[in-house]
Amino acid sequence: MSANGKNMDTFKEQLVKRNKTAKDTAIKICLVILVILLALPALYFLQAFGVLAIFALAFGAHFVMGFFNIEYEYIFTNGELDIDIIYNKSRRKRALTVDMKQVEVFAHIDDASHAHAMNSAQETRDFSSGTHGPDTYTFLTTHESKKIKVILDPNEKMLKAFSTAISRRKFHLRPGSGVVLVG
């Protein structure tokens, strides 16, 4: 509660851009080659409609390539974490909602002392940049009757917000992280 007796709401948000992978680049190259290979026969056999077919193929390839430009938005509101996937900075999809009070363990991705618990997950969902480093954390929770491991890259403000909802005995920061928890 604040000094005037009203409840204080907690709201934090963070955008994390997923790094491009070699697989993403290979798929894009294959799409371009496929468009070229389909465009040549379309031009030859369909003649006047071939130009329209080429534009349709190019537009379709451009649309599909947009799905490789991904950002994740973490939205933490009063103990609940929503994770949205944003495709090509224009299409948004809710990927996951988690009550952070239900988190079984929260630790750095390289934390060997909690690896056994993390390996018990039935499913892994990676909402990180894709490059696991000093800011990459993982947590274990139950979602839709499945034990899932979630990977993300929270910044210092987001970590502090998480610490308000997750029990201290379940919340494990990376040693030397520099995050100072309040309370």
Side-chain angles (χ1 to χ4, degrees), residues 8-27 64-183:
M8 297 295 289
D9 289 335
T10 302
F11 177 80
K12 302 288 180 205
E13 61 185 345
Q14 177 188 351
L15 271 178
V16 173
K17 185 166 179 54
R18 190 184 84 179
N19 296 327
K20 306 253 185 287
T21 65
K23 181 180 175 183
D24 293 344
T25 304
I27 291 172
V64 170
M65 284 185 191
F67 284 99
F68 293 97
N69 184 14
I70 294 174
E71 292 177 310
Y72 301 110
E73 183 173 33
Y74 311 147
I75 306 159
F76 182 81
T77 310
N78 297 332
E80 189 170 271
L81 175 64
D82 295 316
I83 301 175
D84 292 350
I85 302 174
I86 303 169
Y87 299 101
N88 208 24
K89 298 187 185 220
S90 61
R91 292 179 300 281
R92 173 185 297 266
K93 179 183 174 191
R94 175 69 33 94
L96 183 67
T97 298
V98 177
D99 179 354
M100 296 303 277
K101 291 177 183 82
Q102 303 302 316
V103 167
E104 295 176 29
V105 64
F106 183 100
H108 189 267
I109 195 157
D110 293 331
D111 186 340
S113 62
H114 296 92
H116 181 71
M118 295 299 178
N119 290 335
S120 71
Q122 296 166 293
E123 183 179 326
T124 298
R125 297 190 189 177
D126 191 344
F127 302 112
S128 71
S129 66
T131 307
H132 299 165
D135 297 328
T136 306
Y137 284 83
T138 185
F139 66 85
L140 192 63
T141 191
T142 301
H143 181 71
E144 297 176 352
S145 302
K146 271 196 230 175
K147 196 172 278 206
I148 65 167
K149 175 175 132 178
V150 178
I151 303 170
L152 62 164
D153 291 329
N155 61 22
E156 185 175 328
K157 289 179 182 177
M158 196 63 71
L159 284 171
K160 285 180 183 178
F162 291 168
S163 73
T164 64
I166 301 171
S167 162
R168 291 281 181 161
R169 65 181 177 76
K170 298 177 182 180
F171 190 76
H172 309 280
L173 289 176
R174 175 183 60 86
S177 67
V179 176
V180 178
L181 302 177
V182 181

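Keep in mind it's a predicted model, so treat the numbers as computed, not measured.
Taking 4.5 Å as the limit, some side-chain heavy atom of E104 sits within range of a side-chain heavy atom of T142. Taking 4.5 Å as the limit, some side-chain heavy atom of I85 sits within range of a side-chain heavy atom of I70. Between K170 and V103 the shortest side-chain heavy-atom distance does not fall below 4.5 Å. Side-chain contact check for F106 versus L159: some heavy-atom pair is nearer than 4.5 Å. No side-chain heavy atom of H143 sits under 4.5 Å from any side-chain heavy atom of T97. Looking only at side-chain heavy atoms (C-beta outward), F67 and I27 stay at 4.5 Å or farther from each other. Taking the side chain as every heavy atom from C-beta outward, R18 and D24 approach each other to under 4.5 Å.
To the nearest 0.5 Å, atom CD of residue E71 and atom CD1 of residue I86 are 5.5 Å apart. With rounding to the nearest 0.5 angstrom, the NZ atom of K149 is 9.5 Å from the OG atom of S120. Atom NZ of K12 sits about 9.0 Å away from atom NZ of K160, to the nearest 0.5 Å. Here CZ of F139 is found 9.0 Å from CE of M118. Values are rounded to the nearest 0.5 Å. Separating the OG atom in S128 from the OH atom in Y74 is a distance of 6.5 Å, to the nearest 0.5 Å.
With hydrogens and angles ignored, the 3.5 Å screen pairs a side-chain donor or acceptor of Q14 with a backbone N or O of N155. Between the D99 side chain and the E80 main chain, no donor and acceptor come within less than 3.5 Å of each other. A distance-only check finds no donor-acceptor pair linking the side chain of N88 to the backbone of S90 [under 3.5 Å]. Panel note: side chain H132, backbone S129; no donor-acceptor pair is recorded below 3.5 Å. In terms of modelled atom types and a separation under 3.5 Å, the side chain of Q122 and the main chain of K147 share a donor-acceptor contact.
Aromatic rings from F162 and F76 are positioned such that their centres are separated by under 6.0 Å.
For the side chain to side chain contact (heavy atoms under 4.5 Å, CB included) with F127, the lone residue among D84, I151, V150 that qualifies is V150.
Counted within 6.0 Å of NZ on K17, heavy atoms from surrounding residues, nucleotides or ligands total more than 12; the atom is thus considered enclosed.
Using bins of under 30°, 30° to 60° and over 60° for the plane-to-plane angle, the ring pair Y137/H108 lands in the perpendicular bin.
L140 approaches A117 most closely through the heavy-atom pair CD2-O, 3.2 Å.
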